[in-house]
Amino acid sequence: MTKRAAIKRHTREMSREHGVLDSRQFMEDAKVRRLPTHAGWSPYPSNDDRDQAYLKTLKPKSDGQAELMTAIDHHNMVLALGPAGTGKTYLAVAKAVEALEAGKVGRIVLSRPAVEAGESIGFLPGDMEDKLAPYLRPLYDALSDRLSMKRVKALMAEGLIEIAPIGYMRGRTLNNAFIVVDEAQNCTYVQLKMLLTRLGWHSTMVVTGDPQQSDLLPGISGLTDIAERLGPVPDIAVVKLAEQDIVRHPLVASMIGVL
């Protein structure tokens, strides 16, 4: 028996007897390395040492965002008004996902007006969800940031995340749901009145929008009027975000102040 073969045989015997790794197993000529077999060994570190950085904690980045998150936690109807980049849509969707994951609601209902932003995109093929997909892209982006796209598709297939066009909301009662109405500045007063009255038992509705960026003709948007009327109503929160709550590029806040 050669010297190399004798070393390998001795290493195997030592590993079998003691269940530990031997330094000689890591010689350059070692092709196969035996793992220890004693009870309790695991290739992973202990649970206390595992890196939990992949868990995204939802934290406000401004006083206005903190006010909005608190309002969503304590009110069933919240109107969030503010300029672009203040996190209105993201916080609303994130809170919806949080409520669904915690079992506080049975489904998430997303609604957004299909209004063209100044340009005509023509006929869109596909079913209702396909036609609305370009308009709902911001909501999908927020969902995929809190959940994987695979999970989002699975929840949509199960009906736990529902796409609800504003035109098809009339006559419905949304019980045990978290409803997010985005881009509400592109809704008329009549549309918003209809949407707000869909609220059912054990449900929360968050309406977001920027009154200064409506794609409707002047005087058609009903968001400002609705917010002024509902402001004094008890148990309804109207949160107004400002330029200092913008969390996008600093130039966004500078532009909002002069545009």
Side-chain angles (χ1 to χ4, degrees), residues 58-99 108-113 115 117 135-136 138-139 141-142 145-146 166 169 174 178-199 203-259:
L58 188 63
K59 295 181 179 179
K61 295 185 178 181
S62 67
D63 293 339
Q65 288 193 352
E67 181 184 356
L68 176 57
M69 292 175 63
T70 302
I72 295 175
D73 289 335
H74 294 89
H75 297 82
N76 296 115
M77 176 71 71
V78 178
L79 277 70
L81 282 65
T86 51
K88 306 181 298 298
T89 300
Y90 183 85
L91 290 178
V93 173
K95 280 294 186 180
V97 171
E98 184 180 281
I108 297 174
V109 180
L110 305 176
S111 187
R112 196 170 188 259
V115 177
Y135 299 103
L136 296 169
L139 299 178
D141 290 342
D145 193 68
R146 305 303 301 179
I166 288 178
M169 292 283 281
L174 301 175
F178 197 111
I179 307 105
V180 177
V181 180
D182 191 35
E183 296 291 323
Q185 75 274 7
N186 289 331
C187 294
T188 65
Y189 181 91
V190 174
Q191 286 177 321
L192 284 173
K193 180 179 178 181
M194 180 270 294
L195 285 170
L196 297 177
T197 54
R198 301 307 97 201
L199 188 68
S203 293
T204 297
M205 179 179 290
V206 180
V207 180
T208 69
D210 179 7
Q212 304 302 319
Q213 288 200 33
S214 176
D215 297 312
L216 301 178
L217 295 174
I220 301 298
S221 175
L223 181 59
T224 301
D225 194 7
I226 286 284
E228 291 176 355
R229 290 171 180 261
L230 295 183
V233 177
D235 300 326
I236 295 180
V238 178
V239 179
K240 295 184 179 180
L241 303 172
E243 296 175 14
Q244 58 267 26
D245 299 310
I246 295 177
V247 294
R248 287 181 184 163
H249 194 284
L251 284 177
V252 176
S254 300
M255 290 187 292
I256 292 295
V258 298
L259 294 177

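The heavy-atom pair separating A227 from L79 by the smallest distance is CA-CD2, 3.9 Å. Contact between G231 and V238 at its shortest, heavy atoms only, is CA-CG2, 3.9 Å. Taking every heavy atom of both residues into account, I166 and C187 meet most closely at CD1-SG, 3.4 Å. Contact between S111 and L195 at its shortest, heavy atoms only, is OG-CD2, 4.4 Å.
P211 has its side chain within reach of L81: a pair of non-hydrogen atoms, C-beta onward, lies under 4.5 Å apart. A heavy-atom distance below 4.5 Å is not found between the side chains of V97 and F178. Inter-residue side-chain proximity for V233 and M77 is flagged as unmet; no heavy-atom pair is nearer than 4.5 Å. In this structure the side chain of I226 never reaches within 4.5 angstrom of the side chain of V207, judged on heavy atoms. Looking at heavy atoms from C-beta onward, L58 lies in side-chain contact with Y90 at the 4.5 angstrom threshold. The shortest side-chain heavy-atom distance between D63 and Q244 does not fall under the 4.5 Å cut-off.
Atom CD of Q213 is separated from atom OG of S221 by 12.0 Å, given to the nearest 0.5 angstrom. Distance NZ/K61 to CG/L91: 9.5 Å, rounded to 0.5 Å. Distance check, rounded to the nearest 0.5 Å: NE2 of H75 to CG of D235 gives 6.0 Å. Of the inter-residue distances, the one linking I246 atom CD1 with T86 atom OG1 reads 7.0 Å to the nearest 0.5 angstrom. Atom CD1 of I72 and atom CD of E98 lie 9.5 Å apart (nearest 0.5 Å). Here the CZ-CG distance, from R112 to L139, works out to 6.0 Å after rounding to the nearest 0.5 Å.
Within the 3.5 Å criterion, the main-chain N or O of K88 finds no donor-acceptor partner in the side chain of T208. A donor-acceptor contact shorter than 3.5 Å links the side chain of R198 to the backbone of M194.
Side-chain N/O atoms of Q185 and E183 include a donor and acceptor closer than 3.5 Å. The closest side-chain donor-acceptor pair between S62 and D245 falls under 3.5 angstrom.
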Problem set entry | Test log, rule side-chain contact (heavy atoms from CB on, under 4.5 Å), inputs I220 and S214 | CA-CA 9 Å; I220 301 298; S214 176; over 6 Å; no
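For the pair K95 and D73, the salt-bridge criterion is met [side-chain N within less than 4.0 Å of a carboxylate O].
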